[in-house]
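This is a predicted model, so every value here is computed, not measured. Numbering of residues begins at 1 and proceeds along the displayed sequence.
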Amino acid sequence: MATRKNSTDDPLAPITLAVGQEDLLLDRAVREVVTAARAADADTDVRDLASEQLQPGTLAELTSPSLFSERKVLVVRNAQDLSADTVKEVKAYLDAPFEEIALVLLHAGGVKGKGLLDAARKAGAREIACPKMTKPADRLAFVRGEFRTLGRSATPEACQTLVDAIGSDLRELASAAAQLCADVEGTIDEAVVGRYYTGRAEASSFTVADRAVEGRAAEALEALRWSLSTGVAPVLITSALAQAVRAIGKLASAPRGARPGDLARDLGMPPWKIDRVRQQMRGWSADGVADALRAVADADAGVKGGGDDPEYALEKAVVAVARAARTRRG
């Protein structure tokens, strides 16, 4: 989620610097400033400019004193793409910004336009980090933050299920969290998220995998057939099966007695998943893990063109994984 990188937390600070490439977070940084400005003065003049619109001389024109001393918000997007002459003007303005004007610079970060980035930081700009969220753990933290911001309680399993169901689009994740908060009373749990988003491809594939590694073959096959009938790509299902079996193999080979937090860090899993995998691995043996991985590999080859019937290949894999889950008990 967007995070501030200095002690200045006034959205009406003369300079706000939003750094990163996550569009939703950049838009939120802008909205926060605009909302605060209009709360202070309903007649605030807001100018939202692309980098090419801020030509030499434009900034001086926009920041020139008004007869009515009106408050202004000037938003400059893709500031890293400003021309050299315009950058000089912006740097000069940073040295003596006007109190009634909030300048918001959106900068992608990186090497391009770094001189302007450094100048804004040196001038004491209020900075908000808006990084692209490429890691599942970051998206999970974002969803948790959304529920906290909305004043609602959601279980770790619910947050993870929502991320699995929606994917990597932060706008969709934010919208889904808001919709759940609007429609559901009380704590939001995994079952609630499943009811709302069970039709999503990722959620469906993970349901198949969970039932299979728990040894519940009939339920896994039912989930598989439903997933395929709703258009879930077979490759998503083999991927989910592989992840579930590998997780069991990793946890089974981890040192006994290790704390969940240490295991989560060492195995690259969130702590709540450690607890779930522990429950799922009760019937597994080392031979069972090996057999299941071979079955999933065969299914993966089948769905990618190595066989004539991808659905049959998946059914065989699901049954094989469910059978492997019972090797210790058997």
Side-chain angles (χ1 to χ4, degrees), residues 133-144 154-168 189-191 193-194 200-221 223-224 227 232 235-300 314 316-330:
M133 295 191 182
T134 57
K135 297 180 180 179
D138 292 337
R139 293 192 287 273
L140 182 60
F142 172 79
V143 168
R144 288 173 176 164
T155 67
E157 294 83 359
C159 294
Q160 184 63 54
T161 300
L162 192 61
V163 172
D164 291 341
I166 301 298
S168 60
D189 59 19
E190 183 180 11
V193 177
R200 301 299 291 251
E202 295 89 344
S204 303
S205 60
F206 282 109
T207 298
V208 175
D210 283 341
R211 299 296 85 79
V213 297
E214 290 162 5
R216 296 153 66 179
E219 294 177 40
L221 286 171
L224 171 64
S227 297
V232 177
V235 69
L236 287 177
I237 298 172
T238 56
S239 175
L241 285 168
Q243 289 181 48
V245 176
R246 288 194 195 106
I248 287 170
K250 287 181 179 180
L251 191 56
S253 60
R256 291 186 178 276
R259 293 179 299 178
D262 295 335
L263 287 172
R265 183 186 63 251
D266 295 341
L267 302 181
M269 299 180 193
W272 69 264
K273 190 170 183 179
I274 296 293
D275 293 335
R276 172 182 284 182
V277 176
R278 273 180 170 161
Q279 294 175 355
Q280 293 174 334
M281 65 181 283
R282 288 172 182 167
W284 286 85
S285 67
D287 288 341
V289 171
D291 290 344
L293 286 175
R294 280 194 292 270
V296 174
D298 290 342
D300 190 55
L314 285 171
K316 280 183 61 179
V318 165
V319 171
V321 171
R323 183 180 297 120
R326 298 191 298 271
T327 52
R328 181 170 293 172
R329 291 192 296 270

Using 0.5 Å steps for rounding, measure from the [atom1] atom of [X] to the [atom2] atom of [Y].
X      : Y      : atom1 : atom2 : result
Gln279 : Asp210 : CD    : CG    : 11.0 Å
Glu190 : Leu162 : CD    : CG    : 11.5 Å
Leu140 : Thr161 : CG    : OG1   : 10.0 Å
Gln160 : Glu157 : CD    : CD    : 9.5 Å
Trp284 : Arg326 : CH2   : CZ    : 10.0 Å
Thr207 : Leu224 : OG1   : CG    : 11.5 Å

Strictly distance-based, threshold 3.5 Å: is any side-chain N or O of Ser227 a donor or acceptor partner for the main-chain N or O of Ala223? yes
If we only count heavy atoms from C-beta on, is the Asp189 to Val193 side-chain gap below 4.5 Å? no
Heavy-atom pair with the smallest gap, counting every atom of [X] and [Y]:
X      : Y      : result
Met133 : Arg139 : O-NH1, 3.1 Å
Ala252 : Met281 : CA-CE, 3.5 Å
Ala212 : Ala325 : O-CB, 4.0 Å
Val213 : Ala244 : CG1-CB, 3.6 Å
Arg216 : Ala322 : N-CB, 4.5 Å
Ala324 : Gly288 : CB-O, 3.3 Å

Run the salt-bridge test on Arg294 and Asp291 with the 4.0 Å N-O cut-off and return the result as yes or no. yes
Quick one: which of Leu241, Leu314, Thr238 gives a side chain to side chain contact (heavy atoms under 4.5 Å, CB included) with Asp300? Thr238
